[in-house]
Participant: 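Pasting a structure below so you can have a look.
Just so it is clear, the structure is predicted and the values come from calculations on it, not from any experiment. Hydrogens, waters and symmetry mates are skipped; everything else that's a heavy atom, side chains included, is used. Just so it is clear: chains get the letters A, B, ... in the order the sequence lines come, proteins before strands, and each one is counted from 1.
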Amino acid sequence: MDETLGNALVEFHRALEGFQRSFEPFPLIAAHLLEHTGGWRKQLAFKLLPHLGGNGCLIAAVAGGTNTGKSTVFNLLLGEDVSPVRTTAAATCRPLLAANALRAEQGLAGELLANLVPQPLESAEEVLSQEAPEATLYIIEKNSLPDRLVLLDIPDVDSIVLDNWEVARNIQAAGDVLIAVLTGEKYKDEKVVSFFRAAAASGRVVLPLMNKANPGREFAVARAQVQDFCTDTGLIDAPSFVIAHDFALADDFARPIPALNAPADLRSYLESLDVEPIKRHVFQQSLQDFVSQSGDFIARLAEQSGELDGLLRDMSQRAGHYAAKYDPEPDASVGKLLHTFIRSKRGPLSRTLGQIGAITNAVVAPVGRMASRAIRGRLLMETGNVPAEERDIRAHHEQQIIMQTRDLVREFIPYVRALPKPVAALIEPALDVIDIDGTAQSIIDETLRGDSVSDSFRAHAEAKLEEWWSDHKVRRQVLIEIDALLMFTPTAIALPLAMFTGGVGVPEVMALGGPLAGEFFSRIMEQQFADQWFDLLAPWRKEQQARLQTSFENNLIIPLMGDMAEVKRMLDGEPTAALRRSHEACQKHL
Amino acid sequence: MPEAFVRSLRTLEALAGYAGPWKALRDELPLLQARVEELKAREKRLDGVLVVALVGGSGVGKSTLLNAIAGDTIAETSEMRPCTRVPVVYHPPGTRLQWEGWKCVSRSALENLVLIDTPDSDTIVHEHRDRTQQVLVECDLILICATAEKYLDEATWSLLRPLQGQRAMVCVETKATPQDGIKEDWLRRLAANGFEINHYFRVNALKWLDARLPGGRSAAVEETYDFPKLDHYLRHELSRERILRIKRSNAAGLLVRAAERLLEINATARATFDTLDEEIAQADKAIARECFEHVRARLFAETHLWAFAVGRETSLRAKGIIGATWRLIEAVRSLPVRLPGWLPWFGLNQSSGKRTADLLGTDVLVDGDLHLISDLIAASYRSHQSELAYHAARAGLDSPQLDAGLNAFDDELNARLVRVITGPARERVQRAARYLTNWPVTVLFDALPLAFLLYSAYIILFEYWKGIILGGGFIIHSATVFFIILGAELFLYSFLARALAWVARRRSVQDLRAALYAPGLSFKAERKMVEDLRAVSEKIESLQSLID
């Protein structure tokens, strides 16, 4: 293996570890993302990374279904009783490696099978216990083995002890040669066949061995069965071996395992195998598998990020939908816009009158408000239609916002619960502890804060009015004349009256009351015009709704979707980028 | 079937048709429906025929076992895997069976027993597994066939796990050899996984079959191990009663499983129903308070309307001098409010004050468009409703339709108001009028003016008898005094009327409070929803006792 590929693989491994670490706070998402990645991750950990270590020796593993006689075959290959044989199923739980002194030393130093924890075998029973960590590898020294060959006995791939499958798959990734121990009952089993199909597809040498075979008619049945097995697993011309059901065991482990369709017995065949080409082939295949499958994985990360993005957008859209239901009532400051505009267009006389009116208004406004409250009291009883006062408008808005917030969250709850589990787990905790009243209050504070007419909206309204003013010569004349009429009429009535009635103070009061009334009437009229002629309110409503949506985002969506945004940020950000970079580096070596 | 079973089944059946807002329960329905269907099918099939399925991995010797039991080659056997492709049904002649696509052999000598040989559960041919699953649905007793190699295979176990407690299971080790058996390990593992195994047979079916078939090698009975026992078990021990017992226990197992799942869901949901109830009660009270405050501060705060109503009621009943004068005054005084009624073009302007006075005083009931509910109350109602819906959603219920309840609430509120106004309130107004117009009061009030009139007449007659005719001065003087008395009495009368109106109004406010605060003013739909949920929940609860 050349240096740069090794570096690229190490780099990728590090990036993958970094990726896993960064997703540690979100175990469900991590599990979801890493689903179906076991194959190539095992290839990387057990074959590609430790490749240098195991150089020059063939790793042959005895694999198969439960109770097919894997340990028996292992013992036969070694020529002595090493691995404990049990009549009960799923007995061997941890892999057992046999090698000569040199290789055993290497194995104990972790150079043969990296990422498994080597441990010398002290008593044979140890491999039967499930207590050791899953990644334990027991090692036993057998000097009858040549330098170029190490043998492994591994757990089953099909019993109800699911841990055993996992261990077997680790060794499948680590091994170069797999001896498929089959029996008449188990050569067609789904679990067994798929295990060896995967091994064969990733370039491993798979050697079928028919155990407990019927020796009649020169193993005709066994031959057919092996043929069947080869077809199912995609093996072509695989050398096969056979053990008859009457093969003497108890006393004699030294007998070679005969060939069924192979040039030599199993042990000799294994020893005769050319180490280098096989290792190169397995490595190349593993690399290819790894690169293409991890490539798919990285592509899927982008997809996942897209899905999360869609979800975030969907949530925002829902918030927008509820914000659009918000129907704010304009307060005086909106209606006043047109009036202010027309005031700036008045002639000198109307302007003077208007200014007098405005000053008087400032003085008598508190009295006016008291009077209006009294009048409102009467109106309330009579009609039930309450004229809106500033304070009521705010309460009305608050109530609307609280309801929209609550409805929005209420819609979120079933929506989130229906999401796929890992994604829902990102939002649900936040949704469970959400303080709906507090959130609504901060949304209210944010939406209703400050002036209800923003500077940008004022500028927009003024521009629109100015445009109208220059475009509609006739109508603007009408408007200014109505304004003048409304302004002057009360004064025109009040002045002669004041003159004729006389008395101390009366003329003055009337003289001031005239402009005040004029200003009052014109303002009320023009508020109506502002809505009906210029449609100033619709954009104002839209602006208020946009404000609400923004504060929905800030106070509801962002806190709720914080974790999800974080996950998405990681998917789009450095952890994935590092994976992609190192993956490209690996790809170059194919 | 015992009655408890039938009742539980009916309850489950009713629950399977649930279509309410309880989402957790609705999610459970497809499974529940399937189980109910199965239970119903099983109930119908409660005859004396036991369906026995031979299940196990490929090559363990299921077909051989069937052949051995039959003593003949019924099912095909082979050394090449997989062998059996479709289920082979071995049944006594005359049994009515409706399984299509399965191979049926109708010459079983086993009375009351249908043996089905299944395809394998574990090879790469997936249809075999599906077919086996179909057989498992139909069968009553499972003979789990296994060998040393296959007794722990996940493929077979995963088929059996969902049927725990719902099928009687018997273990058969099919290829017994003189070596150590697997019995202990197998039974230990089965027990650890929650399986209940009725019997265990260690047999060598091949040897038995060999001994039976013509031309076969004869084998010693000990070489077939427990086969004679198995044979005896199938032929003789499975009596009618025993078969029925197995079937019942299977059905009960399924029933218990279905019920347990529902009870689990129910246990988590019950607390939320209580909180919902409480929340509805609170919201109801809050709405009632708002309505009460609203109406009291408006209709019931207007003393003049009540005085007006009492005045009119009084004028209808009034008698005597003061009464007649009062009538006259009332007629004039009420002219401004009566006039619009007489002049059609004024009708449009009828104020609600007048209408309320009408309400209090006359038999004219509330007209349809009188809606005392204001925008404020409607908004508040919606707000409370949205809060309830929010809590319901939190509790995992579908939100009820919003806006729908507002009209019902409006109607209920109006009905209650109308009931108060036309009932106790009007009663009080009329009572006040009756106090003022009863005979003693009339006589009391009329006594003074009458006495004065009599006194004046006496003076005139007395002076005339003395020969003096009293002049205009005396007449004017007495008339003035008479009118002063009349005026003073009318003032007193009107004061009394106002005082009684005030009392009537104050008392009616109490009536109003009682009427509005009575539970059930608002949130009818929500209340109904929780009630329905409770009914369902109780139904589920009832399963518990039936199971026990």
Participant: With rounding to the nearest 0.5 angstrom, report the CZ to OG distance, A/Arg410 to B/Ser386.
Facilitator: 6.5 Å
Participant: Going by heavy atoms in the side chains, are A/Thr183 and B/Glu149 under 4.5 Å from each other?
Facilitator: yes
Participant: With only heavy atoms counted, which part of B/Lys175 is less than 4.5 Å from chain A, the side chain, the backbone, both or neither?
Facilitator: side chain
Participant: CG/A/Asp407 to CD/B/Gln385 distance, rounded to the nearest 0.5 angstrom?
Facilitator: 9.5 Å
Participant: Under 4.5 Å between any side-chain heavy atoms of B/Glu79 and A/Gln225, yes or no?
Facilitator: yes
Participant: Which bit of A/Ile402 comes within less than 4.5 Å of chain B, counting heavy atoms only: side chain, backbone, both or neither?
Facilitator: neither
Participant: Considering all heavy atoms of both residues, which atom of A/Trp165 and which atom of B/Glu154 are nearest to each other, and what is their separation?
Facilitator: CZ2-CB, 3.6 Å
Participant: Do the non-hydrogen side-chain atoms of B/His126 and A/Glu190 ever get within less than 4.5 Å of each other?
Facilitator: yes
Participant: Please tell me if the side chains of B/Tyr151 and A/Asn67 come closer than 4.5 Å, counting only heavy atoms from C-beta onward.
Facilitator: yes
Participant: Report yes if the side chains of B/Tyr390 and A/Ile413 come closer than 4.5 Å at any heavy-atom pair, otherwise no.
Facilitator: yes
Participant: Below 4.5 Å from any heavy atom of chain A, which atoms of B/Thr156 appear? Answer side chain, backbone, both or neither.
Facilitator: neither
Participant: With a 4.5 angstrom heavy-atom cut-off, which part of A/Val161 approaches chain B: side chain, backbone, both or neither?
Facilitator: side chain
Participant: Can you give me the closest heavy-atom contact between A/Gln399 and B/Ala379, atom names plus distance?
Facilitator: OE1-CB, 3.4 Å
Participant: Any side-chain heavy-atom pair from B/Ile124 and A/Lys188 closer than 4.5 angstrom?
Facilitator: yes
Participant: So which part of B/Arg188 gets closer than 4.5 Å to some heavy atom of chain A, the side chain, the backbone, both or neither?
Facilitator: neither
Participant: Looking only at heavy atoms, what is the nearest atom pair of A/Ala89 and B/Ala148, with distance?
Facilitator: CB-O, 4.1 Å
Participant: Rounded at 0.5 Å granularity, tell me how far CG in B/Leu152 sits from CG in A/Asp156.
Facilitator: 8.5 Å
Participant: By a 4.5 Å heavy-atom criterion (distance strictly below it), what part of B/Glu387 contacts chain A: side chain, backbone, both, or neither?
Facilitator: both
Participant: A/Val193 versus chain B, heavy atoms under 4.5 Å apart: side chain, backbone, both or neither?
Facilitator: side chain
Participant: Indicate yes or no: at least one non-hydrogen side-chain atom of A/Asp189 is less than 4.5 angstrom from one of B/Lys150.
Facilitator: yes
Participant: Find the distance between CE (B/Met80) and CD (A/Gln227) and round it off to the nearest 0.5 Å.
Facilitator: 9.5 Å
Participant: Quickly, which of B/Asp122, B/Thr123, B/Asp153 forms a side-chain hydrogen bond (donor to acceptor under 3.5 Å, both in side chains) with A/Lys186? Name it, please.
Facilitator: B/Asp153
Participant: Given a strict heavy-atom distance threshold of 4.5 Å, which part of A/Asp158 is in contact with chain B: side chain, backbone, both, or neither?
Facilitator: both
Participant: Just do the side-chain hydrogen bond (donor to acceptor under 3.5 Å, both in side chains) check on B/Thr147 and A/Glu185 with the steps written out, would you?
Facilitator: CA-CA 9 Å; B/Thr147 61; A/Glu185 282 175 35; 2.7 Å; yes
Participant: Let me know if B/Asp120 has heavy atoms under 4.5 Å from chain A in its side chain, its backbone, both or neither.
Facilitator: neither
Participant: Does B/Ser383 offer a backbone N or O that forms a donor-acceptor pair with the side chain of A/Arg406 under 3.5 Å?
Facilitator: yes
Participant: Would you check if A/Asp432 and B/Arg394 make a side-chain contact, meaning some heavy-atom pair closer than 4.5 Å?
Facilitator: yes
